[in-house]
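Taking it in order: structure first as structure tokens, then the write-up.
Order of the sequence lines fixes the chain letters, A, B, ..., with proteins taken first and strands second; residue numbering starts at 1 for each chain.
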There are 2 protein chains.
Amino acid sequence: MTEKSSRTEPIHARGGSGATIADVAQAAGVSVATVSRALSGNYPVAKATRERIFRSVTDLGYVANAHARALAGATTRTVGIIINDVADPFFAYIARGVERQASAEGRMCLITATHGDKERELALVDLMREQRTDAVILVGGASDDARYRKQMADRARALDAAGSSLVLCGRPSLGPGVPTKMVTYDNEGGAFAITDYLISQGHRRILYVGGPRDFSTTASRLAGFYRALDARGIERDPALVHEGAFGRGFGYSRMRELLDQDVDFTAVFGANDLVAAGILEALEERGIRVPQDVSVVGYDDVPVASELRPRLTTVRVPLEELGREAVRLALSQSPHDAGASSDNTLTVGTHIVIRDSVSPPSKP
Amino acid sequence: MTEKSSRTEPIHARGGSGATIADVAQAAGVSVATVSRALSGNYPVAKATRERIFRSVTDLGYVANAHARALAGATTRTVGIIINDVADPFFAYIARGVERQASAEGRMCLITATHGDKERELALVDLMREQRTDAVILVGGASDDARYRKQMADRARALDAAGSSLVLCGRPSLGPGVPTKMVTYDNEGGAFAITDYLISQGHRRILYVGGPRDFSTTASRLAGFYRALDARGIERDPALVHEGAFGRGFGYSRMRELLDQDVDFTAVFGANDLVAAGILEALEERGIRVPQDVSVVGYDDVPVASELRPRLTTVRVPLEELGREAVRLALSQSPHDAGASSDNTLTVGTHIVIRDSVSPPSKP
DNA sequence: TTGTCCATAGTAAACGCTTACTATTTCTAG
DNA sequence: CTAGAAATAGTAAGCGTTTACTATGGACAA
């Protein structure tokens, strides 16, 4: 019996942390190596021995120390996900997809929130790096900032060097040569489709409200919006485009202002469903009927869209699917993207769902 | 130079995991101990040395290995939270509170979901135990099952023995003597208040719909409901109570059945807002006006409640606050509850919020 | 009988960090 | 000037696992 294995009480007496593998080994009368093998099952252990070990495990209520395991072994079986806000349905559904797929692949899921703070986002990536997660999934649009891009690219490289990977989910590439994987949805296409639908119903003066300025998501949706106008030969009118923020509050207050200013329009494109909800509220408050007097559409198709009255016509984004795919891609062995679009970037489609908030304009 | 410090490449060449503290030490020309001290800042290090070290750290893109740190040091700076579903707003708001408070206290947050599976819940507690989280927060009602209770009690003891703690959030105690902390909200009181409000408006025949049978949350809400009836001398009618599930779908389908059966009632108490949303939908479908023909109330005051038309009168539960408090309590040094209610159990209040879904009954 | 091979089990060296001791300077007081 | 106290650095012993090597004892073939 060596000195080491003879200790019976922890040296630092750290509040009596639970049983260790050594305790189990002692109780079962075998070496720690044998216990480790019996537990991981990747090496033959005699049946009788194994049973004795398992009995000791339950008797002692032993669970392995994940940190020791991570330190000694290879992988941590954890994926990290960074979102804006846990309670925002857009992110919550993506997180659900990530959580489900991760747990289906036997991983835990470390969820953190940036609350929209870019610096915090960078810090969180580092935190996940410290945790040695198998992958880190970065969700949601990104602001267009060169310094930020460079910093994130550095982290992508560090993650890559450590055998992990950075998955960009619904946000633009960090540039060629930066080792990332990407899963996105057809933002521009959805915006095009729903704008075109509005036009096909006879609308010509369409207000675009919401979405932060210089933000990738806003840029794509606006691009689709403009493309639809251009395709039908409708002039772009800057007075009709009102960026600002995502969120119900923004939709409500900006719509009120616009109503006060007597702008001429027959339909409103809310940058997302929450903005559209705010728009609907402002409209309702002024006694303007939807869709009889003005039509409204949103984007994302989160549950509010169908709670609203009238039910909101919007663009469906397969949020949960997006999260699932992000994990699949992250955990797949495919090499990272090293530039030109390889199969490391996956795009899921969007489509419009027609409900009750659009009709032909009353004043044609 | 010892053998150990002379190694320059990792023995297992594990896909080139990032720089280690030894690399930083070498680059800065000091010992690892000094680097460790400079980084944690809990021991004096000469200014020049410290600067040299920090320079090497950024040069190498070094971040500490959280697992090694957890293994060597005391705490993991992580709290675990177990909820039903990330995308259910009830849980999402609690999770947001947890996430915010945890990050305010410099902790990470491990979020997992049970999808309503009791076995999975037990397994998740073990997973968190493996992760050696500083605390594990268990959210939401629990089913009343002796075997389950015993198993969870065992885990509470194990967690306690390991210096961590189990926080029960919005669920009943595991019994006297089990070391847990609790934060709850006044479920019964809220149900009483809103039922009493309905009665004060003149309602006598009130339907109660939703909530799983043998579930702690359902039990408390029903208790409050009954207490209000009793207080006003209204007879309890079993035909008016319809347990089943939380969720929009249940509210919708059960309400349809009830409507077909011609049950006599003037108001409906939805076990939560989602159930109430389903109820509203079924009512709308049949052309029954709310609140003119029947009044409806919900519980929780999640965002849907104010999206609905009519806006739902409901009971406000300070969800985010609940999550925050759970973390505060978990991380506080107060000893665990060892039986009789000590200050380890905290109850936050609920109150009704009156909106547009209730009016006096038309047929009095 | 002897030599081989297989099934099991044990030994001990990492993994990357923290921290109790120890060692070396450099001050500061007497 | 010098003893003793700071201030600053280094050494090395863990922390709880995994796993490459070794060791042991039969079973089995020759």
Side-chain angles (χ1 to χ4, degrees), chain A residues 1-5 7 9-15 17-26 28-50 52-53 60 62-77 129-132 162, chain B residues 1-5 7 9-15 17-26 28-50 52-53 60 62-77 129-132 162:
Chain A
M1 200 181 253
T2 68
E3 265 181 43
K4 206 169 184 177
S5 67
R7 77 174 186 69
E9 59 253 275
I11 295 202
H12 288 307
R14 298 159 52 194
S17 17
T20 71
I21 197 173
D23 299 327
V24 176
Q26 190 172 55
V30 296
S31 72
V32 296
T34 306
V35 176
S36 173
R37 287 168 185 143
L39 292 177
S40 61
N42 55 8
Y43 194 87
V45 169
K47 195 171 175 205
T49 314
R50 192 169 346 112
R52 203 147 23 93
I53 290 174
L60 295 167
Y62 168 79
V63 292
N65 181 320
H67 300 296
R69 187 170 267 177
L71 191 53
T75 174
T76 59
R77 314 240 86 192
R129 209 142 70 77
E130 288 186 11
Q131 302 290 329
R132 300 298 192 267
Chain B
M1 204 181 250
T2 68
E3 266 181 44
K4 205 167 183 177
S5 67
R7 78 173 185 68
E9 61 252 276
I11 294 197
H12 288 305
R14 299 159 52 194
S17 17
T20 72
I21 196 173
D23 299 327
V24 176
Q26 188 172 55
V30 296
S31 71
V32 295
T34 305
V35 176
S36 172
R37 288 169 184 141
L39 292 178
S40 61
N42 56 7
Y43 194 88
V45 169
K47 195 170 173 202
T49 314
R50 194 173 340 117
R52 202 146 24 92
I53 290 174
L60 296 167
Y62 168 79
V63 293
N65 181 320
H67 301 295
R69 186 172 268 176
L71 192 54
T75 174
T76 59
R77 315 241 86 195
R129 207 142 72 75
E130 287 186 11
Q131 301 291 328
R132 299 299 193 266

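- Residue His67(B) contributes atom NE2, which lies 12 Å from atom P of dC17(C) at whole-angstrom precision.
- Contacts of Thr49(A) classified as side chain to side chain donor-acceptor pair (under 3.5 Å), with partners at least two apart in sequence or in another chain: none.
- Side-chain N or O atoms of His67(A) include none that pairs as donor or acceptor with a backbone N or O of Ala68(B) at under 3.5 Å.
- Look at CG on Leu71(A): it is 5 Å from C1' on dG16(C), rounded to the nearest Å.
- The separation between Asp23(A) atom CG and dC15(D) atom C1' is 13 Å, rounded to whole Å.
- One atom, CG of Asn65(B), and another, C1' of dT17(D), lie 13 Å apart when rounded to the nearest Å.
- Arg77(B) is not listed as a side-chain neighbour of Arg69(B), based on a closest heavy-atom distance of 4.5 Å or more.
- Out of dG16(C), dG10(C), dT17(D), the shortest distance to the side chain of Ile21(A) is found at dT17(D).
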Using residues 35-47 of chain B as the side-chain source, report each donor-acceptor pair under 3.5 Å to any protein atom, sequence neighbours left out, with the distance given to one decimal.
unit_1, atom_1, unit_2, atom_2, d
Ser40(B), OG, Ser36(B), O, 3.1
Ser40(B), OG, Asn42(B), OD1, 2.9

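- Between Leu60(B) atom CG and dG16(C) atom P the separation is 14 Å, expressed in whole Å.
- Taking atom CD on Gln26(A) and atom P on dT17(D), their separation rounds to 14 Å, with Å as the unit.
- Asn42(A) has no side-chain polar atom (N or O) that falls below the 4.0 Å cut-off from OP1 or OP2 of dT18(D).
- If you take CD of Gln131(A) and P of dG16(C), they are 16 Å apart, rounded to a whole angstrom.
- Residues Arg132(A) and Val63(B) are in side-chain contact: their nearest non-hydrogen atoms beyond the backbone lie under 4.5 Å apart.
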Stepwise side chain to side chain contact (heavy atoms under 4.5 Å, CB included) test for Val24(A) and Ile53(A): CA-CA 7 Å; Val24(A) 176; Ile53(A) 290 174; 4.3 Å; yes
Which protein N or O atoms sit under 3.5 Å from an N or O of nucleotides 4-9 of chain C?
unit_1, atom_1, unit_2, atom_2, d
dA9(C), OP1, Thr49(A), OG1, 2.6
dA9(C), OP2, Ala46(A), N, 2.9
dA9(C), N6, Tyr43(A), OH, 2.8

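- The CD-P distance, from Glu130(B) to dT17(D), rounds to 10 Å in whole Å.
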